[in-house]
4 protein chains.
Amino acid sequence: MPEVKKPNPARRNERSRHAILDAARELIREVGYAKVSIEAIAARAGVGKQTIYRWWPSKGAVVFDSFLALSGDPEEGEGMALPDTGDIEADLKLVMRATVAEFADPHFEAPIRALNLEIISDSDLAAQYREKLARPVEDVKKARLRAAQQAGQLAADADLDLVLEVLYAPLYQRWLHRSGPLTAEYADALVDVTLKAFRP
Amino acid sequence: MPEVKKPNPARRNERSRHAILDAARELIREVGYAKVSIEAIAARAGVGKQTIYRWWPSKGAVVFDSFLALSGDPEEGEGMALPDTGDIEADLKLVMRATVAEFADPHFEAPIRALNLEIISDSDLAAQYREKLARPVEDVKKARLRAAQQAGQLAADADLDLVLEVLYAPLYQRWLHRSGPLTAEYADALVDVTLKAFRP
Amino acid sequence: MPEVKKPNPARRNERSRHAILDAARELIREVGYAKVSIEAIAARAGVGKQTIYRWWPSKGAVVFDSFLALSGDPEEGEGMALPDTGDIEADLKLVMRATVAEFADPHFEAPIRALNLEIISDSDLAAQYREKLARPVEDVKKARLRAAQQAGQLAADADLDLVLEVLYAPLYQRWLHRSGPLTAEYADALVDVTLKAFRP
Amino acid sequence: MPEVKKPNPARRNERSRHAILDAARELIREVGYAKVSIEAIAARAGVGKQTIYRWWPSKGAVVFDSFLALSGDPEEGEGMALPDTGDIEADLKLVMRATVAEFADPHFEAPIRALNLEIISDSDLAAQYREKLARPVEDVKKARLRAAQQAGQLAADADLDLVLEVLYAPLYQRWLHRSGPLTAEYADALVDVTLKAFRP
DNA sequence: GAATAAGCGAGACGGTACGTCAAGTCTTCGC
DNA sequence: GCGAAGACTTGACGTACCGTCTCGCTTATTC
């Protein structure tokens, strides 16, 4: 056993933790992910480098945590629920248009690409991402889809994971590869295609 | 005008160019993309660093070019064509199963992730990727889909770009995020969904 | 007045004090003076760093104290006295040969060099050294020389400090600079030279 | 064979070398040897740290070299010769008084102590010191002493190394340990003692 | 005998410097 | 006269310790 010294989380300085995550987010926005250094994060946060290395294994982990912290630590996934007017098509179009608008917002560009770089190249972070960020969101989406199934608007035997993939993956890929325009029409088209594919 | 010195491509040493691209590919496979340095590529290729900087603007560009070179410099997209048995479902399932198998091959893991990291973070490379690598492949796929349209197996007004996205993006996303298993059944399911969505 | 907090020596933990001095001496022997850190001393002694900083101002002071403690805390200088056979030449040669042997002992090398580094670079410690370690030893040596003066073996007006310097400084310098062999013959030569110089 | 990369001295940048040695000397004078860091030397010299590490193994080696460079690279020891009036006593007193004055000069304090710390704790540097700095000086001193022997002012069989030690070591020790005043009288006393000891 | 205060172990903290690696630029030398 | 080799400045890496600062815990007076 190599017997690595592990720090005692009880003594952790909450003020420093916050300052580090804030600094990380600010720097990503200002200079772009690739140019952010741990040194710069430490300096900006007014913190010793060791305090970062003590609690995070890599720059990626810090950046990732800064997104986690941003997402508000929702404890339970309550508070965010999809609209349910009884019309699944209308509801999905509403949500997809909002998502498209979000992706198209240049303000989100740098941080979200940074997050994606992390989870693509580090499978541990990818697992954390699925667990802590993606899953809660997917769960509320699936809840809405399940309601649609019960209302007979979706095939009862539809694989909801697959439904979500067909709905979102094309949008995600377009954004990631910049391979096409992200418009409200595109959002609508994805909803139409998905509903047609999974109609009862 | 700052009048940047630009080298004369006519004088370029082809032997060095090849050695550099080969070294880049080897190193990515051996140590992983993130740990590859220009220094290491130069050393492995038996070339001065300046010879790399003279012809490529960044590590990403070298890596990207090493993939371009690998894809065989097809000049025209001939030589690769999708099977056409007349049965679009069977043909697509064949192709998708092969694609799934390719993505699942651990041998391709590192280089393809490296390539994706490049094009995600560098929009210039992303444009080149679309132009030089993605487009030719998409063109042959679209040719097969167009044949299906003419055979009445796909809606005549289907947006073929969208068809390809619905078909491939879910698979791509699963692979990128490691968010689910890549199996032959999954390949079939994607084909079924897509055909249902774009049925005439 | 800045009103520095000063600890109450009455409450000092004697067990910790000993553990620290022992640890310091052990570490100097094991890894050499330059590589000894307060952190390592504290860890070895099973003591908090603050307990060292509370009682010593610097690493040098700890090391120095560890030598003081080693020298046995003789209270009064009794117990050690130079041989006095009545023959100053024979007595000095005995003592000088012993000294040469001591310096040549590799076991003493590291610690004594460490001590010398301290007193060379820190004049406070140098003063303490002269007072607490050097003076008592010099006093017994001078006592023997004074007896020799009274016996007419040394000039009555000889400056005994100077006699000791002529006797010991060459040996000390040879050891410090490793500029020549330390042998019994060398010890004898120094005694001969000194006696010739200060003959009545 | 570990096959360490060794730089090619022919390509060494002389301007950088000078800047480093100058910066080292300046910093020792300004802040004291212990507080000089390689980082600070590099910054002051306008040089990358690697350029220091490429050519010197340690801070001590840089500092030592800065003294070597200062001593003027005398090629042959010519140019400096001791006075020879025919009167060894007068000549030695002249030289010793000058030496005492030099040691007492507070301007020389810091650098010479720094040099001594180096050669005391690093036997490699000590050997270089003897070879490159001490020996040439000793040689000219011995030449003068040899003349005195031929003039019958010193015993013909006197060990000149020993003579020099008796003459200089007490002075050196006093300075190093700050154990007594360095005065012209002291210089004279040392000459008197030495001449008496080594009289024919 | 309980209350209180000091010393203590532990170790997290903001820092400085370490010695290493690589980036991208500039220089030299050999073919 | 080009290009390999590699020295240069720069800057970040991750580590080791510095000296300071809480934490609980033990111990030893003081009321």
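First the proteins, then the strands, lettered A, B, ... as listed; each starts at 1. All heavy atoms count here, side chains included; hydrogens, waters and symmetry mates do not.
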Visitor: Using heavy-atom distances to pick each residue's nearest nucleotide on DNA chain E, tell me which of C/P9 and C/Q50 is more 5'.
Guide: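 Its nearest nucleotide lies further toward 5', so the answer is C/P9.
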Visitor: Tell me if a side-chain donor or acceptor on C/R44 pairs with a main-chain N or O of C/A19 at a distance below 3.5 Å.
Guide: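 Between the backbone of C/A19 and the side chain of C/R44 there is no qualifying donor-acceptor contact (under 3.5 Å).
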Visitor: Counting only side-chain heavy atoms from C-beta out, which of F/dC18, E/dA12, F/dG6 sits nearest to C/Y53?
Guide: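 Selected nucleotide (nearest to the side chain): F/dC18.
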Visitor: Under 4.0 Å between any heavy atoms, over every strand shown, what does A/S37 touch: base, sugar-phosphate, or nothing? Just pick one.
Guide: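 The answer is sugar-phosphate, as A/S37 gets under 4.0 Å only of primed atoms, P, OP1 or OP2.
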Visitor: Check whether NZ of the Lys or CZ of the Arg A/R12 lies under 6.0 Å from the centre of the six-membered ring of A/W55 and within 45 degrees of that ring's axis.
Guide: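 Yes.
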Visitor: Once hydrogens and angles are ignored, does a donor-acceptor distance under 3.5 Å link the base of E/dG14 to the side chain of A/K49?
Guide: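 Under the 3.5 Å cut-off, the side chain and the base do not form any donor-acceptor pair.
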Visitor: Which residues, if any, of residues 11-31 of chain A bring a heavy atom under 4.0 Å of DNA chain E?
Guide: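 Under 4.0 Å from DNA chain E: A/R11, A/R12, A/N13, A/S16.
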Visitor: Could you state the CD1-C1' distance from C/I52 to E/dG9, rounded to the nearest angstrom?
Guide: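 Rounded to whole Å, this separation is 12 Å.
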Visitor: Is the side chain of C/R113 donor-acceptor paired with the backbone N or O of D/I120 at a distance under 3.5 Å, no angle test?
Guide: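 At least one qualifying donor-acceptor pair exists.
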Visitor: What nucleic acid atoms does B/W56 come within less than 4.0 Å of, heavy atoms only: base, sugar-phosphate, or nothing?
Guide: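 Result for B/W56 = nothing.
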Visitor: Could you check A/S58 against C/V36 and say which one's nearest nucleotide on DNA chain F is further toward the 5' end?
Guide: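 Between the two, 5'-proximity favours A/S58.
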Visitor: Starting from P on E/dC13, measure out to CG on A/N8 and report it in whole angstrom.
Guide: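 Rounded to whole Å, this separation is 10 Å.
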Visitor: If you compare every side-chain N and O of A/T51 against the phosphate oxygens of E/dG14 (OP1, OP2), does one of them come in below 4.0 Å?
Guide: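 Affirmative; the distance criterion is met.
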Visitor: Reading DNA chain F from 5' onward, which residue's closest nucleotide shows up sooner: C/P57 or D/A45?
Guide: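 Final value for this comparison: D/A45.
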Visitor: Heavy atoms only, 4.0 Å cut-off, all strands: where does B/K59 land among base, sugar-phosphate and nothing?
Guide: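 No contact.
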Visitor: Please report the distance, rounded to the nearest Å, between CD1 in B/I41 and C1' in E/dA22.
Guide: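 To the nearest whole Å, that distance equals 12 Å.
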Visitor: What is the distance from CZ of D/R54 to P of E/dG19, rounded to the nearest Å?
Guide: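 About 16 Å, once rounded to whole Å.
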Visitor: What nucleotide among E/dG14, F/dA16, F/dG3 has an atom nearest to a side-chain atom of A/V47?
Guide: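 Out of E/dG14, F/dA16, F/dG3, the nucleotide with an atom closest to A/V47's side chain is E/dG14.
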Visitor: When rounded to the nearest 0.5 angstrom, what is the spacing between OG in B/S121 and CG in B/N116?
Guide: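 It comes to 10.0 Å.
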Visitor: Grab the NZ-C1' distance between B/K35 and F/dG14 for me, whole Å please.
Guide: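 B/K35 atom NZ is separated from F/dG14 atom C1' by 14 Å.
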Visitor: According to the salt bridge (charged side-chain N to carboxylate O under 4.0 Å, His left out) rule, which pairs have a member within residues 52-71 of chain D, sequence neighbours left out?
Guide: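 Counting only pairs at least two positions apart or across chains, no salt bridge (charged side-chain N to carboxylate O under 4.0 Å, His left out) contact touches residues 52-71 of chain D.
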Visitor: To the nearest angstrom, how far is C/E39 atom CD from E/dG11 atom C1'?
Guide: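 So the two atoms are 9 Å apart, to the nearest Å.
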Visitor: Hey, does C/L21 have a side-chain heavy atom less than 4.5 Å from the side chain of C/W56?
Guide: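 They are in side-chain contact.
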Visitor: Can you check whether B/D124 reaches B/F64 side chain to side chain, under 4.5 Å on heavy atoms?
Guide: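 A side-chain contact is absent here, since even the closest heavy-atom pair is not under 4.5 Å.
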Visitor: Rounding to a whole Å, what distance do you find between A/K6:NZ and E/dA10:P?
Guide: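 The distance from NZ of A/K6 to P of E/dA10 comes to 16 Å, rounded to the nearest Å.
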